[in-house]
Protein chains: 2
Amino acid sequence: MKTIGKLAKELNISIETIRFYERQGLIEQPLKPESGYRMYGDALTSQLKFILNAKALGFTLKEIESLMSLSDSCADIESMGLQKLNLIRNKIADLQRLEKVIQDMTDSCKANQDPQSCPVINSLK
Amino acid sequence: MKTIGKLAKELNISIETIRFYERQGLIEQPLKPESGYRMYGDALTSQLKFILNAKALGFTLKEIESLMSLSDSCADIESMGLQKLNLIRNKIADLQRLEKVIQDMTDSCKANQDPQSCPVINSLK
DNA sequence: ATTGACCCCGTACTTATGTACGGAGTTTAT
DNA sequence: ATAAACTCCGTACATAAGTACGGGGTCAAT
């Protein structure tokens with residue numbers, strides 16, 4: 001059993017963040033003995049780790065809430081994963097298009113002889 | 001000279017968005033004759049188009065403000081472009097890592113025989 | 001037993017990019 | 001000339017994911 005401060009340090013997040021997740025309903029408020037202090041055991045600790053892991057994968061808190069409520073139904077998880085995969089691939093494609101546009105932009109700057117007029121700015125106009 | 005409503009329709013944005021850009025200092029408040037109505041000419045129209053084009057390239061409003069203040073200095077524009085390019089490439093790399101992780105995730109779901117226990121959920125735990 | 005570190009709660013603030021609302025004045029069309 | 005449509009302004013609200021603050025109670029060490 002550890003206090004919120006220890007837990008926060010262990011997980012490398014802030015106390016406020018833990019309280020925030022609690023307010024958001026992602027985790028339960030732990031038992032609070034006489035002192036009124038939250039005391040965290042292994043269950044909540046690993047729930048929080050779960051949240052942090054999922055967050056690192058790019059899931060939003062809302063999605064994580066769904067993930068946690070899906071109770072191990074593999075098909076549901078797979079379908080969420082596939083959805084996410086779609087989003088990710090679209091985002092990558094968007095960024096690659098963008099990359100090309102900006103690459104061309106800077107190339108045309110490099111090639112430009114007249115320092116008074118920028119082809120990029122001109123093309124945006 | 002057109003009113004804000006016409007301009008908004010022409011650019012396919014909302015009146016509020018135009019007023020918002022004005023509040024943010026991205027564009028000047030246009031002259032307002034007796035009526036008190038904003039009247040937009042070509043200059044402001046193309047400034048707004050510039051903003052929308054740059055936004056479509058993924059620049060933030062803050063960056064666009066800089067872009068507009070750089071007064072055609074090609075070197076400055078090029079350097080902003082290169083910076084942006086870096087960001088974009090990092091973001092793409094991140095997303096590609098993520099793509100792989102989630103791909104593996106859903107693969108392991110597909111391969112899973114026991115519908116009662118999901119390897120993804122288990123690995124997050 | 002006192003001091004410093006820790007925790008409580010509720011609330012407000014942050015960033016970015018707008019959107020929505022409401023009451024009032026203006027312009028346009030019939 | 002009256003109604004509908006448009007615009008004005010300031011303010012509040014929205015999202016996501018927290019961060020910060022302030023006044024108070026509690027715990028641990030000296």
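Hydrogens, waters and symmetry mates are skipped; everything else that's a heavy atom, side chains included, is used. In what follows, chains carry the letters A, B, and so on, assigned in the order in which the sequence lines appear, proteins first and then strands, with residues in each chain numbered from 1.
Annotation: side chain of B:E78 is in contact with side chain of A:K110 (closest heavy-atom distance under 4.5 Å). Contact of the A:C118 side chain with the A:S108 side chain is not registered, since no non-hydrogen atoms from C-beta on lie closer than 4.5 Å. Considering only heavy atoms from C-beta on, B:L82 stays 4.5 Å or farther from A:I102 through its side chain.
To the nearest angstrom, P of D:dT19 lies 12 Å from CD1 of A:I15. D:dA17 atom C1' lies 11 Å from atom CD1 of A:I64, rounded to whole Å. Computed from coordinates, the A:I18 CD1 to D:dT19 C1' distance equals 14 Å when rounded to whole Å. Taking atom OH on A:Y40 and atom P on C:dC6, their separation rounds to 16 Å, with Å as the unit. If you measure from atom CD of A:E65 to atom P of D:dA16, you get 12 Å, rounded to the nearest angstrom. Distance CE (B:M1) to P (C:dT27): 15 Å, rounded to an integer number of Å. If you take CD of B:E22 and C1' of D:dT7, they are 13 Å apart, rounded to a whole angstrom.
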With B for base contact, S for sugar-phosphate-only contact and - for none (protein heavy atoms under 4.0 Å), nucleotides 24-30 of chain D reads -BBS---
5' to 3', nucleotides 15-24 of chain C under a 4.0 Å protein heavy-atom cut-off (B base, S sugar-phosphate only, - none) gives -SBBBBB---
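Closest non-hydrogen pair, A:R38 versus A:P30, comes out as CB-CG, 3.5 Å.
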Given B:Q103 and A:R89, is the side chain to side chain donor-acceptor pair (under 3.5 Å) satisfied, shown in steps?
-> CA-CA 11 Å; B:Q103 178 72 70; A:R89 285 174 175 157; 2.5 Å; yes
Passes salt bridge (charged side-chain N to carboxylate O under 4.0 Å, His left out), A:R97 versus A:D94? Steps please.
-> CA-CA 5 Å; A:R97 270 191 293 277; A:D94 283 352; 2.5 Å; yes
